[in-house]
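See below for the structure under consideration.
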Amino acid sequence: MTFHVVDLIRTKRDGGRLPDAAVDWLISSYTAGAVPDEQMASYLMAVVWRGMRPAELSRWTAAMVASGERLDLSGLGRPTVDKHSTGGVGDKVSLVLVPLVVACGAAVPQLAGRGLGHTGGTLDKMAAIPGWRASLAPERMRSVLTDVGGVIAAAGAGLAPADRKLYALRDVTGTVESIPLIASSIMSKKIAEGTSALVLDVKVGSGAFMTAQAPARELAETMVALGDVAGVRTEALLTGMDTPLGRTAGNALEVDEAVAALRGGGPADLVEVTVALARRMLTLAGLAGGPDPADVLAAGRAHDVWQRMVTAQGGDPDAPLPVAPHVETLPAPATGFLRRLDARAVGLVAWRLGAGRARQDDEVSAVAGVRWFAGLGERVVAGAPLLELHTDDPARLATARAALADAVEIADTPPSVQRLVLDHVHL
Ligand code: URA
């Protein structure tokens, strides 16, 4: 069936709902290049204002999945489960979580894109490991999942190609910020990846996409419902992102910290979020009766899986990580308790030092980033090192430092204890 795009735009503009056949046609014609960008941009802007009803959004997401291949991961001999984070500063959770959940008995097929903006991408962090390659052909991915149990790899061009085109268009037309468009974009890729279950880590706070809990919960509920309709058991945790996670932001720095957690150490906030997500993943995978992931992590049992995962993708897990040629230490301006370390500012600093990209095809630095020596509520002493800026290019230090102007607050009393896991969204 053929439709007139202008009619579809008018219907959405006026608050109507497209019939299923029109949704399918619009997505497939746009992916094939038969509907031009200007018409799709107009349609997307109408969605920003008018939204999508639940059934329409499920159909839209299904059409995005159907625009490419949907991997079949049945027959691996263990249940599949994945995690997706909406993105935060210092968010190296996947590097610890994937091997941990594998060590507890599940298979984790994590396919991801590269990071954009002030939150770093998991693939960029992994790429700091000497020799490691992000791309895996589907047959190789299956064999690594069978032998090792976990992969973190780049999503191939055949996975939800409609999203690739739509995301690029949304990026340049002011239509990224729409809950149905974000939810369908994320879920189309995760459904196409072939996982049977999925836990979403929806970050909330200054360093996240969503700064307030109400829209974050709405996004989580929308994605959980989309997963359910597509036959993927899906839940979400809302986790705090006013403060960056762990003690580092930047690719190689974060790998180093993730490895410390895999050896049974690592910062407490990183461990807390990782274990909370692992417990939900194992429950959805039907493995809740097994060992507690907190114990598995503390015993260093996920580290062996990590080494095998890195090796399977060409990396050398024992090779030293690259280090920055220029490191500047910033002292604490006062004595007291660290009351605030703003996640957005820290993300921006890491990005300005070279750790992130502004455009999809920009190169990122493996060594650039930020380390902080105190966590929230910890005591700091005036003049002692508080932050460290790492970069390949000293010319970047001044603009990076400027982003820290109001990022740190030191007070006479510690802040009240802040919960990291804020909410649990499930059917
Ligand atoms: N991440 C995605 O994959 N898509 C969006 O629309 C936003 C964040």
Side-chain angles (χ1 to χ4, degrees), residues 27 30-31 37 40-41 43-49 51-52 57-58 60-65 67-68 82-89 91 93-94 109-125 134 152-193 195 198-205 207-212 215-227 230 232 234 236 238-239 241 344 347 351 356-361:
I27 292 283
Y30 178 64
T31 309
D37 279 349
M40 189 49 112
Y43 188 82
L44 293 172
M45 188 54 90
V47 172
V48 169
W49 284 98
M52 280 197 230
L57 181 58
S58 298
W60 175 268
T61 308
M64 289 172 74
V65 174
S67 72
D82 192 12
K83 184 254 347 185
H84 176 83
S85 161
T86 55
V89 177
D91 183 0
V93 166
S94 283
Q110 185 162 112
L111 297 185
R114 305 217 170 257
L116 202 59
H118 74 281
T119 65
T122 297
L123 296 182
D124 296 321
K125 301 179 212 279
I152 295 175
L159 217 74
D163 181 61
R164 248 163 232 260
K165 271 194 91 171
L166 283 169
Y167 195 83
L169 184 63
R170 288 167 56 211
D171 204 25
V172 294
T173 55
T175 52
V176 169
E177 296 85 351
S178 150
I179 284 179
L181 295 179
I182 296 168
S184 55
S185 168
I186 292 172
M187 291 306 291
S188 62
K189 289 174 285 204
K190 289 288 149 184
I191 295 165
E193 164 192 283
T195 188
L198 176 67
V199 176
L200 299 156
D201 181 7
V202 179
K203 299 281 185 202
V204 190
F209 216 38
M210 301 280 176
T211 53
R217 192 173 304 108
E218 190 184 336
L219 175 63
E221 285 166 356
T222 307
M223 293 193 288
V224 167
L226 284 177
V232 178
T234 307
L238 265 54
T239 67
M241 191 28 75
R344 186 174 178 77
W351 185 62
R357 55 172 67 74
R359 300 153 70 100
Q360 271 307 344
D361 46 5

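Counting convention: from 1, in listed order, for ligands and their atoms alike.
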Any idea which atoms of ligand 1 are less than 4.0 Å away from a heavy-atom of [X]?
X: Tyr167; value: 4 (N), 5 (C), 6 (O), 7 (C)
X: Lys189; value: 2 (C), 3 (O)
X: Ser185; value: 2 (C), 3 (O), 4 (N), 5 (C), 6 (O)

Could you tell me which non-hydrogen atom of Ala162 sits nearest to which non-hydrogen atom of Thr31, and how far apart they are?
->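 For Ala162 versus Thr31, the nearest heavy atoms are CB-OG1, 3.3 Å.
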
Looking only at heavy atoms, what is the nearest atom pair of Thr195 and Lys190, with distance?
->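 Smallest heavy-atom distance, with atoms named: CG2-O, 3.8 Å.
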
Between Asp163 and Ser188, does any side-chain donor sit less than 3.5 Å from a side-chain acceptor?
-> no

Regarding Lys83 and Ser94, is there a side-chain donor-to-acceptor distance under 3.5 Å anywhere?
-> yes

Are Ile186 and ligand 1 in contact, using a heavy-atom cut-off of under 4.0 Å?
-> yes

